[in-house]
Colleague: 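The structure is given below, and queries will be raised subsequently.
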Amino acid sequence: MRKVYTNPALCSGCRACSVACALVHFGIADDALGAIQVVRDPLQRYEYQTVCRMCEDPECVAACMAAALARDPETGRIIVDRDRCIGCWMCVMVCPYGAVVASERLGKAIICDQCFEREQAACVAACSTGAIQMAEAEDTAGIAE
Amino acid sequence: MAGPIKTRYTIVGAGIAGIAAAEAIRELDRSGPLLVVNGEGVAPYCRPLTVEVLTDEKTPEEICLREAQWFSERKITIVTGDPVAELRAPTKQLLLATGQVVAWEKLLVAVGSQPAGVRIAGLEQVPCFTLFTQADAARLKPLCKPGAQALVVGIGLIGLQALTALRRRGVSVVAVEVAPKVLPMILDAEAAGYAQRRLEQHGIDVRVGTSVQELRPVAGGRRPYQALTSTGEVLDFDFLVMAVGMQPNLILADRAGIARGRGIRVSPTMQTSIPDIYAAGDVTEYPDWIEGGEEVHAHWVNAYRQGRIAGRHMAGGDPPPCEPVFLNSLRVFDLPIITMGASRRDALEGAEAFVAAAPARPAYRRLLVRDGRLIGATFVNDVGEAGVFQYLMQNRINIGEVAEELVNRGRKAFEFLDELHRQVVRGDLEWAPSMDLISEYRKNHRHTRWGHNEPEK
Amino acid sequence: MQDAIGNMRSRLAEIDLTAGTVHYEDTPPAVVREFLGGRGLNVAYLHRLLPAGVDALSPENVLIIGAGALTGTGCPNSSRFNITTKSPESNILGDANCGGFFGPKLRYSGIDRLIIRGRARQPVLLRLGDGRVEILDARAYWGLDVNDTQAAMRRDFGPTCESICIGPAGEVLVRFACVMTGVKNAAARGGMGAVMGSKRVKAIVATGGVGLEIADPDGLLALNEQIKDYLLDSSIVKVLGRVGTPLLYEVSNHLGTIRTRNSQDSSFVSTLDAEVIHEHVTKMISCHSCVVHCRHRNIHQGEGPEYTTIGLLGANLGIGDTEEVIRLNDLVNRLGLDVSSTGGILSWAMELYQRGIIDASLTGEPLQFGDYELVVRLIHSVARREGFGDVLAESSHAAARLNDPERKYLIAIKGLPQSDPHDCRYIKAFALGIATASRGADHLRSRPTLEVFNLPKDLLREIYGTDIDDDPTSYNTKEIVVATHESIYAVIDSVGICKFICHGFNSPKLLKYEHFSQLLERAFRASFSVADLQAVAHRIIDLERAFLNREGIRRPDDTLPWRYFEEPLPNGVAKGHRIDRAKFQEMLSRYYRLRRWDADGVVPQERVRELLAAWDDGSGA
Ligand SMILES: Cc1cc2nc3c(=O)[nH]c(=O)nc-3n(C[C@H](O)[C@H](O)[C@H](O)COP(=O)(O)OP(=O)(O)OC[C@H]3O[C@@H](n4cnc5c(N)ncnc54)[C@H](O)[C@@H]3O)c2cc1C
Ligand code: SF4
C-alpha cells in the first residue's frame, strides 16, 4: 500500500505540490485546489504540508453523513464521491491532521487519492527538495508517541 | 401468527446509531442472526439531510443511508414500517406493532429522538409543523411557495436548517428565539452575532430574546394567523415550524424499566441497567467530562461512535471507550461554522478563552481552555483546521502553553503540531540527502566553477 | 490572433480611485501576441495610457501591476509579476519585477493585470478575489509597517491570502519607497511604493477563487518535471539553493569591484562572505513554485540578506558586521524602502560630508561610514521624512540641497542609484548595460557576466550568435553582449519566471527561448516560436526606449557616474581600471546602431508606429 509522506523540515514552502495536484485532478493551476496543502506563514516563519495520512480507521469516513466518503481497502485511499458530497465539513471537523481541504469554491471536500492511477504522485514529482516522498506503507498513519 | 423470530442480535431503530452497530457486529460476527427494526416506513436515511429533500437538492433515494442490498449482502434482516411496541426484558423478547414477537440475545435500543414541544396558547388552532423526518418534509413541502410567510419558533440547529430550507424555497421567514442569541446551545455571544447578521443578510427576520405567547387565526387579515410575542409584537404568518429542541424517545425504555435520566443511562460500552440491553445515539445520556452532569449528546458523530461501540461489545469485542463531546458542523447560508465542547459558554468557571477575530471578513476562532485542556472551540468561516482541535480535545492533550499561539497560528503552534503530527515512517524511507535547506555550509560551494560544467539539456 | 495565444488569459481590471470605479476587460489578443505579459504588456499599457511629462506622484500617473504569461502555472519559478509606472525617483520608466506568492494569487483571483489611476480620498486597499476587485477602507492599516500590514491582511482576509503593500516610507512618498510582499520580496526599484502611496493604496490583497485554466495539464506537468530535474542538476542552482546570492559578494570582492564607501574603495571585509552569512541562517525557503530556494530565513530577523543588501548596506556604508547588516536589511524591508537606493543615497551623503561639501547644519549630526547606529537613525528618519531624512527621501532630486547639483558623487544613472553592488569600471559590458538600461542604473536589464567565466569560444559563439571578445575589460563587441542579454531578460520578465533559472544570468545554460516556447504551448496551446519570442523582446526594448524618448531621454543621458570615468579602481584584480570616455561613446554608438535607434538614441517614428499597430489590429477579433 503506497502512501505519501511529508517532512516539514525539508519544505521550502513553494506550493509546487499543490499546483501539480490541482493540475492532475482539475486541470486548473491553483494551489487552493490541491489535496496537499502547504500551510505557510513567512511572518511566523513556518511552512508545512497537510495531506491525507490514510488512517486505517478514518474518522472522516465515519463522520460523513452523505456517504460521500469511502476507504478503498485495496489502496487504502479515501475516495470522495463528489456527486454525493454536500460540503457539510463533517469530515473537516474530525480529521486529526487538518488534511481535508474544505473547498468553499467547489462546495466539496478534496482528499488525496494517492494518485493511484499514476506511477508517481504528482506532488512528489513536483517537489524539488524531496520533502514529499511516496513509499510502501504497512503502517497506518500514526501520531508519533 | 407464526412463532417468534429468533435472533442473536436485534437493533431497534435504523438511524445512524443502529446502522453503525449493525456494521460493527458484522465485522466480528459474520453470521449470527441479526435483525434491524425500523419504525419509519421508508428505507433508512440520513436524518440531517431531510432538509435537502425539502429543497429538492436531493431526492429521498439520494439520502438513503444503506440500500436493501447492503443488508442482504451482510445477511441482516430489516423490518420497515413496523415499530417496536414493547420490550420484554425478562423473557428477552419484543413485540412489534403488528404483533410479531422477536426473540433476542442482545438488544440495542437506538430509537433516537423526537421534536420537543412547548405549550403555547392556541397552538392547536394553527398549522404547525416539525422537521425531523422525511414524512415531516413531505408534509411541509406543498406549503413552501414563494410569497408564503412562515413563523419559525426556535433558532437552534434544527430551526436553522428549517429556515434555511424555507428561505431557499422563496418563503419569507420570521424566526423567534427565546434566548438572547441565535444558536444558543452551541455559540457564544460573539459567534452568534456573526450568525445572526448572516441570517439577516439573507432576509430572515430574526427576533432574539422573544417568545411566542399566543397563537390565533384571524379572519380577513394579511395572513390567516397571528402570533403575539413576549415583546408585545404581532407576527402574521401562514404556517408555523416548531423547532424548540429534541427529546429522546423513551417510551419503550420506560415501560421496560431501563434506568434513565434525560436519556437512557449507558456504560462506556453502551450497556444499560438491564443486562444484554444496550443503547446508543440520541436516545442516550452520558456524563459530560467538560461540564459535568449527564448530557444528551445528540449529534451525528456521537451516534455513529456509540453505535459502533455498542455493536462491537454486543458481538463480544472490547471496544475502546469514547467520551462524547458536542460536535457540530453547520452552515448559516454561506457561512460555515464548526463548534465543539462547551463552545456555547461565554464564560466558564476556571476556563480561559483565546480568541482570534476578524470581524470584517468575518472570521472567528475561539478556544476555551481549562487546566491546559481544550474544552471548547468555535470556528466561524475559517474551519479548515477544526479537526486538529477535535483531536486535541478528544484526547485531552495539554495545550496550555500554546493555546494563544494555536488560535493565532503562531510559530509555537506550528512546532507543537509538528511534533504531534510527525509521521511514523518506515525505516527504508529516507529523506533525500540532496536536500540543502538546512545543510551545513560546504567549502566547495565557493570553489565550484559553476560557469563551466553546466548540464546539457 | 486568438489562436496564436491559445487560451492564455489576460484579464485586466482598471481601477479609477478618484471615481471609485472598476472596469474589467480582456487585453486584445493581438496585443498579448506582441507583448506577452508581465513587463512587456505593462509597458505597452503605460506607453498607451500615460502622456509625457506627468508628475509621477500626481493622480494622473498610472500604476500597472501585471503577472507574467506563465506566472502561477506551476512551472519552475513562475512566481513573478511586474509593477510598472512612471518613476518618481528617475522621472522615467519605473518597472520593478517581484517574486513571492502574490503574482500567482493575483492570477488565481481571476485577474492578470491591474491598472490603477487617480487618487483615493482616504487610504484604501484593493481586495481581489473571484474575478472581482473591491475598493475597501484602509484607514485602520495606515501607518503600519510592512510586516504588521501583512499580518493584518492574513488576519482579516484569511491565512491563504497574499498581499502586496507599502510601509511608512510609501505613505510619506519617499521617492525610493518600495512595494513589499512577504518578509523580503520587493518590487523595489524606482519608487513604486511612493506611487502607490500617492494613490493612497496601502495594500492589495488577493484571495483567489478562480484559478488558471491549463490547456494540457499532463503535458505541462511532464515538462515541468523535466525542467525541474534539469535545473536541479545545475551547479549554479545548487549553490544558490545553499547559500543564495551572497555568493556573488565574494566574486566581486575578489575582483576588487565591490562598491565600498560610496565607491571610493572597491574591496571590503570577509565577514560578509557567504560562508559567514550561512552561520546566521536557519532555513532556505522559496517563492511560489521555486526549485532554487535561495531565500535565507535568518536567525535574527526576517529573511535575507541578499548580495545587494550586503553590498549596499554593508560594504557601501562601510559596515562589516554580519548581524548588523542583516538587521539593517530587515529594517529597510519593514519600513518599505528600496535597499539599493537607501544604500546609494546614504553613502552619497556620507561622502559629501566627508568631503566637507555638506555639514552638520544640514545633516544635524556628523555622518560617518561604518556607523551602524547612525545608519539606523537615518533610515528611520528617511522612512518618516523627519529632519535630514526628509532631504534624503528625495533621492537624486536632493542634489541641489546636498550641494552636489551635478550629482558628481552619486552612483546613479538617469537619477536612479545603481542597484548592483558591483563596480562597473572593470567589466565594460556591465557599464554599457547600466548606462542604457531602460529604468536607470540597473543590472537586471542585462547583467552580462558570462564573460568572466572563461567559456569556450564555440559556446560563446552559440550564445551570442557571433564571435565576441570575451576579455571583460575590452570595449569590443560589448554591444552585442548587452543586447543579447537584454533580449532574453525582457522575455523572462514577461513570462514571469525568475532569472536565477534562466539562461545568461548566472549560467550559459538553463532556460532559453525554446523552453518558454514549449511551456507556453503546453500551458495555453499558445504558439510562440523562438523567433516570435525574440521579436517580442525586441518590441519591449524598443517601446521602453520610446517611452524614455518621449520623456526626453537622449544620448547624453546614457552615461555613467562621474567616478567611473575619472577615477581608477583602487583595489584587487581590477585595480587601475576605469571607463574611457571616448571608447564608451564608440561602444554606445555601436549599440544604437545594433538597436536601430538613431545616433541620439531615439527610436525612429515608424518603428514606434509599428509597435502601436497591434492596438488597432481589430482588437479582440
Ligand atoms: C432536521 C435535523 C437536522 C440535523 N442535522 C444535524 C447535523 O447537521 N449534524 C449533526 O451532527 N447532527 C444533526 N442532527 C442530529 C442527528 O441527526 C442525530 O443526532 C442522529 O441522527 C441520531 O441518530 P440516532 O440513530 O441516534 O437516531 P435517529 O436518527 O433519530 O434514528 C432513530 C430511528 O429509530 C426509529 N424508531 C424510533 N422509535 C422506534 C420504535 N419504537 N421502533 C422502531 N424504530 C423506531 C426512528 O424512526 C428512527 O428512524 C439533525 C437532526 C435533525 C432532526
Ligand atoms: S463535506 Fe462532503 S465528504 Fe465531507 S463529510 Fe460533508 S459530505 Fe462528506
Side-chain angles (χ1 to χ4, degrees), chain A residues 3 5-13 37 39-41 43-48 50 53 57 59-60 62-67 83-84 86-102 104 107 127-131 133-145, chain B residues 16 20 46-49 52 57-58 62-66 300-301 304-305 308 327-331 334 336 338 340 379 383-392 394-395 405 408-411 413-415 417-426 428-438:
Chain A
K3 174 173 165 181
Y5 290 90
T6 57
N7 184 344
L10 298 185
C11 175
S12 71
Q37 287 286 306
V39 184
R40 54 177 289 280
D41 187 338
L43 303 160
Q44 293 292 329
R45 300 156 73 97
Y46 61 74
E47 43 283 309
Y48 63 93
T50 59
R53 300 275 182 109
D57 211 349
E59 298 233 33
C60 55
C64 178
M65 49 181 149
D83 290 335
R84 294 196 75 119
I86 51 157
C88 68
W89 307 154
M90 293 286 281
C91 48
V92 174
M93 181 174 74
V94 296
C95 174
Y97 306 100
V100 177
V101 180
E104 282 294 328
C127 181
S128 59
T129 68
Q133 307 260 323
M134 185 140 230
E136 287 300 311
E138 284 152 23
D139 59 320
T140 55
I143 282 175
E145 285 83 55
Chain B
I16 186 62
C46 173
R47 187 164 307 292
L49 296 191
E52 306 269 324
E57 265 145 300
K58 298 259 184 205
E62 283 169 336
I63 69 162
C64 173
L65 209 46
R66 298 291 186 270
W300 185 264
V301 174
Y304 180 86
R305 287 177 180 167
R308 266 192 84 74
L327 288 176
N328 279 292
S329 177
L330 55 141
R331 189 175 281 275
D334 50 350
I338 288 178
M340 45 193 79
F379 306 88
V383 301
E385 294 157 1
V388 175
F389 292 89
Q390 194 268 151
Y391 178 86
L392 295 174
Q394 202 81 51
N395 293 283
E405 295 260 323
N408 288 309
R409 299 188 165 95
R411 164 86 198 175
F414 154 69
E415 285 164 359
L417 294 176
D418 185 32
E419 186 91 345
L420 189 74
H421 286 171
R422 194 159 296 154
Q423 265 172 307
V424 184
V425 183
R426 267 183 34 181
D428 57 357
L429 175 66
E430 282 193 14
W431 295 107
S434 73
M435 203 34 252
D436 287 292
L437 292 183
I438 43 181

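Numbered from 1 within each chain, the chains take letters A, B, ... in sequence-line order.
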Colleague: Indicate the atoms forming the closest heavy-atom contact of V383(B) with W89(A), along with that distance.
Modeller: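 V383(B) and W89(A) have their closest heavy atoms at CG2-CD1, 3.8 Å.
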
Colleague: For E59(A), is it the side chain, the backbone, both, or neither that has a heavy atom closer than 4.5 Å to a heavy atom of chain B?
Modeller: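 Just the side chain, heavy atoms under 4.5 Å.
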
Colleague: Under 3.5 Å, side chain of R305(B) to main-chain N/O of A62(A), donor-acceptor pair present?
Modeller: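 No, because the side chain of R305(B) does not come within donor-acceptor range (under 3.5 Å) of the backbone of A62(A).
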
Colleague: Which heavy atom of G384(B) sits nearest to which heavy atom of V92(A), and what is that distance?
Modeller: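 Looking at all heavy atoms of both residues, the closest pair is O-CG1, 3.7 Å.
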
Colleague: Once you round to the nearest 0.5 Å, how far does CD1 of I16(B) lie from CE of M65(A)?
Modeller: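 It is 10.5 Å, given to the nearest 0.5 Å.
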
Colleague: Between chain A and each of A413(B), G410(B), G387(B), P48(B), count heavy-atom pairs under 4.5 Å; write down the option with the most.
Modeller: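 Looking at each option in turn, the highest pair count goes to G387(B).
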
Colleague: Most heavy-atom pairs under 4.5 angstrom with chain A, which of M340(B), E405(B), R47(B), Q390(B)?
Modeller: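 Of the candidates given, the most pairs with chain A belong to Q390(B).
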
Colleague: Rounded to the nearest 0.5 Å, what separates atom CD in Q44(A) from atom CZ in F414(B)?
Modeller: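 Here the rounded value is 11.5 Å.
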
Colleague: Identify the heavy atoms of P96(A) and Y391(B) that sit nearest to each other, and give their distance.
Modeller: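 Shortest heavy-atom contact: CB-CD1, 3.6 Å.
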
Colleague: Does any backbone or side-chain atom of I338(B) lie under 4.5 Å from a heavy atom of chain A? Answer side chain, backbone, both or neither.
Modeller: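 When you check distances to chain A, only side chain atoms of I338(B) fall under 4.5 Å.
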
Colleague: First locate atom CD1 of I86(A), then atom CZ of R331(B), and finally report the distance between them rounded to the nearest 0.5 Å.
Modeller: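 I86(A) atom CD1 to R331(B) atom CZ measures 9.0 Å (nearest 0.5 Å).
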
Colleague: CZ of R409(B) to CG of D41(A): how many Å apart, nearest 0.5 Å?
Modeller: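 It comes to 9.5 Å.
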
Colleague: Would you give the length of the straight line joining atom OH of Y48(A) to atom CG of L417(B), rounded to the nearest 0.5 angstrom?
Modeller: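 Spacing of OH (Y48(A)) from CG (L417(B)) equals 6.0 Å.
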
Colleague: Give, as side chain, backbone, both or neither, the part of N328(B) having an atom under 4.5 angstrom from any heavy atom of chain A.
Modeller: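 Contact with chain A involves the backbone of N328(B) alone.
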
Colleague: Of all heavy-atom pairs between D83(A) and K58(B), which one has the smallest distance, and what is that distance?
Modeller: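 Scanning both residues, the minimum pair turns out to be O-NZ, 3.7 Å.
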
Colleague: Can you say whether E57(B) sits under 4.5 Å from chain A via the side chain, the backbone, both, or neither, judging by heavy atoms?
Modeller: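 Neither part.
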
